[in-house]
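Inspection log for the structure reproduced underneath, given as structure tokens.
These values consider heavy atoms only, across backbone and side chains, with no hydrogens, waters or symmetry-generated copies.
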Amino acid sequence: MKQVPYRDGGRIPLLVAAAMAIVEGQMVATNDAGFAVPAHDTNAKLFFGRAEHSVDNTQGADGAQYITITRNRQFLLTNDSTTPLTQADIGKPVAITGDGTVGKATQGKLIAGTMMGLDGGTHVWVEVMGTPTGVMA
């Protein structure tokens with residue numbers, strides 16, 4: 001019997017979009033063409049997780065570099081002061097509002113995951129699991 005290759009899905013390699021730099025620890029999404037961009041980029045369509053290393057593809061074409069992202073974890077992100085999350089938001093979807101910042105999920109915002117904890121009011125624990133999340137309709 002042939003063995004079927006597998007991976008655990010916790011770390012996923014993504015090809016990086018042209019003219020794009022992604023910094024280690026930054027939240028990562030894909031654009032319409034499926035190439036990795038920072039999650040706060042205006043072209044971000046599906047959120048995947050956190051960059052495990054830095055990549056500079058500012059001089060390269062689509063797919064010239066790859067980035068490894070981590071998901072299936074809880075990440076500590078900054079609570080957006082303009083649309084802050086509260087204890088009442090535990091278990092609800094949260095949206096990416098900036099680089100490493102999340103706030104209340106509203107129409108047109110890219111969903112990061114589910115709020116799992118409030119840390120001092122200035123930070124929140126966000127669970128990034130399962131299928132990549134898109135823009136809230």
Side-chain angles (χ1 to χ4, degrees):
M1 175 187 288
K2 182 178 178 183
Q3 294 293 322
V4 176
Y6 73 95
R7 59 185 185 192
D8 67 9
R11 289 184 182 222
I12 301 169
L14 294 173
L15 296 174
V16 179
M20 197 60 58
I22 298 173
V23 180
E24 179 181 352
Q26 197 169 40
M27 297 289 112
V28 178
T30 54
N31 61 19
D32 279 334
F35 292 101
V37 297
H40 65 281
D41 188 88
T42 57
N43 294 314
K45 299 299 179 200
L46 286 176
F47 176 69
F48 274 81
R50 184 191 70 181
E52 286 302 303
H53 53 92
S54 296
V55 170
D56 184 352
N57 197 36
T58 53
Q59 303 299 311
D62 281 340
Q65 300 271 346
Y66 80 93
I67 186 87
T68 302
I69 61 95
T70 297
R71 56 182 299 106
N72 298 337
R73 301 274 187 274
Q74 290 184 8
F75 298 105
L76 185 63
L77 301 172
T78 302
N79 195 0
D80 189 328
S81 61
T82 59
T83 58
L85 297 155
T86 66
Q87 189 67 26
D89 294 308
I90 296 267
K92 295 180 182 176
V94 300
I96 294 169
T97 58
D99 188 8
T101 306
V102 292
K104 292 196 184 291
T106 57
Q107 186 175 11
K109 294 287 188 182
L110 186 62
I111 301 301
T114 304
M115 182 176 162
M116 299 306 285
L118 187 63
D119 195 327
T122 59
H123 290 82
V124 294
W125 287 99
V126 178
E127 187 167 82
V128 178
M129 300 289 285
T131 306
T133 52
V135 175
M136 187 172 188

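In the hydrophobic clustering of ILVMFWY residues, with side-chain heavy atoms under 4.5 Å counting as a link, F75 and I69 come out apart. When hydrophobic clusters are built by joining Ile, Leu, Val, Met, Phe, Trp and Tyr residues whose side-chain heavy atoms come closer than 4.5 Å, directly or via intermediates, V126 is grouped together with L110. In the hydrophobic clustering of ILVMFWY residues, with side-chain heavy atoms under 4.5 Å counting as a link, I111 and V124 come out apart. Grouping the Ile, Leu, Val, Met, Phe, Trp and Tyr side chains by contacts below 4.5 angstrom, directly or via other members, places V102 apart from L76.
For the side-chain contact (heavy atoms from CB on, under 4.5 Å) with F48, the lone residue among L14, T133, V128 that qualifies is L14. Only one option out of T30, V28, I22 pairs with V16 in a side-chain contact (heavy atoms from CB on, under 4.5 Å); it is I22. The only member of V55, I12, V37 that meets side-chain contact (heavy atoms from CB on, under 4.5 Å) when paired with I67 is V55.
For the pair S54 (side chain) and E24 (backbone), a donor-acceptor distance under 3.5 Å is present. The backbone N or O of T68 sits less than 3.5 Å from a side-chain atom of H53, completing a donor-acceptor pair. Put simply, the side chain of R71 gets close to the backbone of M129: a donor and an acceptor are under 3.5 Å apart.
The shortest non-hydrogen separation linking P38 to M20 is CD-SD, 3.3 Å. Between G130 and N72, the closest heavy-atom pair is N-OD1, 3.3 Å. Pairing each heavy atom of A105 with each of A95, the nearest pair is CA-CB, 3.8 Å. Across every non-hydrogen atom of H40 and G98, the tightest pair is CB-C, 3.6 Å. The shortest heavy-atom contact between A112 and I96 is CB-CG1, 3.7 Å. Minimum heavy-atom separation, A39 to A44: O-CB, 3.4 Å.
In this structure, the separation between CG on N31 and OG1 on T42 is 10.0 Å, given to the nearest 0.5 Å. If you take CE on M136 and OG1 on T106, they are separated by 7.5 Å, rounding to the nearest 0.5 Å. Here CG of L46 is found 9.0 Å from CG of D32. Values are rounded to the nearest 0.5 Å. In this structure, CD1 in I90 is found 4.0 Å from CE in M115, a value given to the nearest 0.5 Å. A distance of 3.0 Å separates OG1 of T70 from CD of E52, quoted to the nearest 0.5 Å. With rounding to the nearest 0.5 angstrom, the CG atom of L118 is 12.0 Å from the CH2 atom of W125.
As a member of the Ile/Leu/Val/Met/Phe/Trp/Tyr network built from side-chain separations under 4.5 Å, Y66 groups with L15, F35.
Within the structure, side-chain hydrogen bond (donor to acceptor under 3.5 Å, both in side chains) contacts touching residues 55-65 (residues at least two apart or in different chains) are D56-T58. Judged as a side-chain hydrogen bond (donor to acceptor under 3.5 Å, both in side chains), the pairs with a partner in residues 92-104 (not counting sequence neighbours) are, in order, Q26-D99, D80-T97, D89-K104.
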